[in-house]
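This report concerns only the one structure given below.
We're numbering straight along the sequence, starting at 1.
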Amino acid sequence: MKRFVLVLLVCFITLSANAKIITGEVEYNAEQARGEVFENPLEPVSFNFISNHFIDSHAEENMNCLSSGITELEDRKLAKFSDGSYGVTYRNDPLYSWFYYQGKLINFTQKDSTSYPCKITKYKPDGTVANAGYKVSESESFIFSPNGKLLAHWSGNLCYDSNNNIIMTRKTVTK
């Protein structure tokens with residue numbers, strides 16, 4: 001009997017050592033994403049909080065860095081957009097990203113987490129909600145109007161409207 005238990009124990013240990021770890025992403029559809037986004041009411045942001053960001057205090061340095069292809073600085077990350085605007089995310093406050101055109105605030109976003117999935121709310125400079133979304137992964141997100149209408153669904157490099165028509169594409173540029 002002891003021999004049987006020993007053989008069984010060795011088999012169990014061997015089988016568990018050879019087991020594969022299965023990982024995968026959770027899949028969301030628009031209705032599930034809408035439920036996550038609007039689970040709690042969308043609230044405006046305080047003027048006092050925004051006022052320090054109306055003008056980019058590092059505008060000249062940020063634009064020079066972006067012109068030189070530099071997007072990583074000690075205290076912040078930068079992103080350049082094809083319309084001439086740019087974004088700034090400060091490392092000490094990674095839940096907020098500030099978007100500027102010629103150094104003036106055009107909008108900002110607030111994430112509820114630095115990992116996926118996460119809710120992202122986009123605000124106008126006055127603190128009112130412009131839209132809200134649910135970022136499922138690096139390559140997939142859903143964007144809704146403040147009243148819950150699906151505006152866009154990004155999947156990979158393609159952006160779809162509520163009728164599943166492609167409305168935009170994106171291209172990752174590497175230097």
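- Every side chain to side chain contact (heavy atoms under 4.5 Å, CB included) that Ser155 has, sequence neighbours left out, goes to His153, Tyr160.
- Between the side chain of Asn165 and the backbone N or O of Asp161, no donor-acceptor pair lies under 3.5 Å.
- Expressed to the nearest 0.5 Å, how far OG of Ser68 lies from CE of Met63 amounts to 12.5 Å.
- By the rule that hydrophobic residues join a cluster once side-chain heavy atoms approach within less than 4.5 Å of another member, Val129 and Ile50 end up as members of one cluster.
- In terms of the side chain to side chain contact (heavy atoms under 4.5 Å, CB included) criterion, residue partners of Phe81 (sequence neighbours excluded) are, by chain and number, Ala79, Asp83, Ser85, Phe99.
- Ser115 is linked by a side-chain hydrogen bond (donor to acceptor under 3.5 Å, both in side chains) to Ser113, counting only residues two or more places apart in sequence or in another chain.
- Under the ring pair (Phe, Tyr, Trp, His ring centres under 6.0 Å) criterion, Tyr90 pairs with no residue at all, not counting sequence neighbours.
- Applying the ring pair (Phe, Tyr, Trp, His ring centres under 6.0 Å) test between Phe54 and each of Phe47, Trp98, Tyr100, Phe49 identifies Phe47 as the sole match.
- In this structure the side chain of Asn157 never reaches within 4.5 angstrom of the side chain of Thr169, judged on heavy atoms.
- No side-chain heavy atom of Lys149 sits under 4.5 Å from any side-chain heavy atom of Phe144.
- Partners of Lys80 according to the side chain to side chain contact (heavy atoms under 4.5 Å, CB included) rule, which considers only residues two or more places apart in sequence or in another chain, are Leu66.
- Going from atom OG of Ser145 over to atom CG of Leu150 covers 9.0 Å, rounded to the nearest 0.5 Å.
- In this structure, the side chain of Thr128 does not engage the main chain of Lys124 through any donor-acceptor pair within 3.5 Å.
- With contacts defined as side-chain heavy-atom distances shorter than 4.5 Å, the pair Val88/Asn62 qualifies.
- With sequence neighbours excluded, no residue forms a side-chain hydrogen bond (donor to acceptor under 3.5 Å, both in side chains) with Asn40.
- Two residues are said to be in side-chain contact when any heavy atoms from C-beta on lie closer than 4.5 Å; Trp154 and Ser139 fail this criterion.
- For the side-chain hydrogen bond (donor to acceptor under 3.5 Å, both in side chains) test, no residue two or more places apart in sequence or in another chain qualifies with Asn131.
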Hey, can you pull the donor-acceptor pairs under 3.5 Å for the side chains in residues 101-110, sequence neighbours left out?
{"from": "Gln110", "atom 1": "OE1", "to": "Tyr123", "atom 2": "OH", "distance (Å)": "3.4"}
{"from": "Gln110", "atom 1": "NE2", "to": "Tyr96", "atom 2": "OH", "distance (Å)": "3.0"}

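- In this structure, Leu42 CG and Asn147 CG are separated by 10.5 Å, a value rounded to the nearest 0.5 Å.
- Counting non-hydrogen atoms of neighbouring residues, nucleotides and ligands closer than 6.0 angstrom, the NZ atom of Lys111 exceeds 12 such neighbours.
- Applying the side-chain hydrogen bond (donor to acceptor under 3.5 Å, both in side chains) criterion to Ser162, with sequence neighbours excluded, gives no partner residue.
- Judged by distance alone, with hydrogens and angles left aside, the side-chain atoms of Glu140 form no donor-acceptor pair with the main-chain N or O of Ser137 at under 3.5 Å.
- Linking ILVMFWY side-chain heavy atoms closer than 4.5 Å, directly or via other members, places Leu158 and Tyr134 in two distinct hydrophobic clusters.
- For the pair Pro146 and Phe38, the tightest heavy-atom approach, listed with the atom from each and the gap, is O-CE2, 3.4 Å.
- Applying the salt bridge (charged side-chain N to carboxylate O under 4.0 Å, His left out) test to every pair with at least one member in residues 29-51, sequence neighbours left out, gives these pairs: Glu31-Arg34.
- Phe142 has its side chain within reach of Val136: a pair of non-hydrogen atoms, C-beta onward, lies under 4.5 Å apart.
- Lys119 places a side-chain heavy atom less than 4.5 Å from the side chain of Thr121.
- Closest approach of Leu78 to Ile70, counting heavy atoms only: CD1-O, 4.0 Å.
- In this structure Ala152 satisfies the side chain to side chain contact (heavy atoms under 4.5 Å, CB included) test together with Ile143, Cys159, Ile167, sequence neighbours excluded.
- Evaluation of the salt bridge (Lys or Arg N to Asp or Glu O under 4.0 Å) rule for Glu72 yields Arg91 as partners, not counting sequence neighbours.
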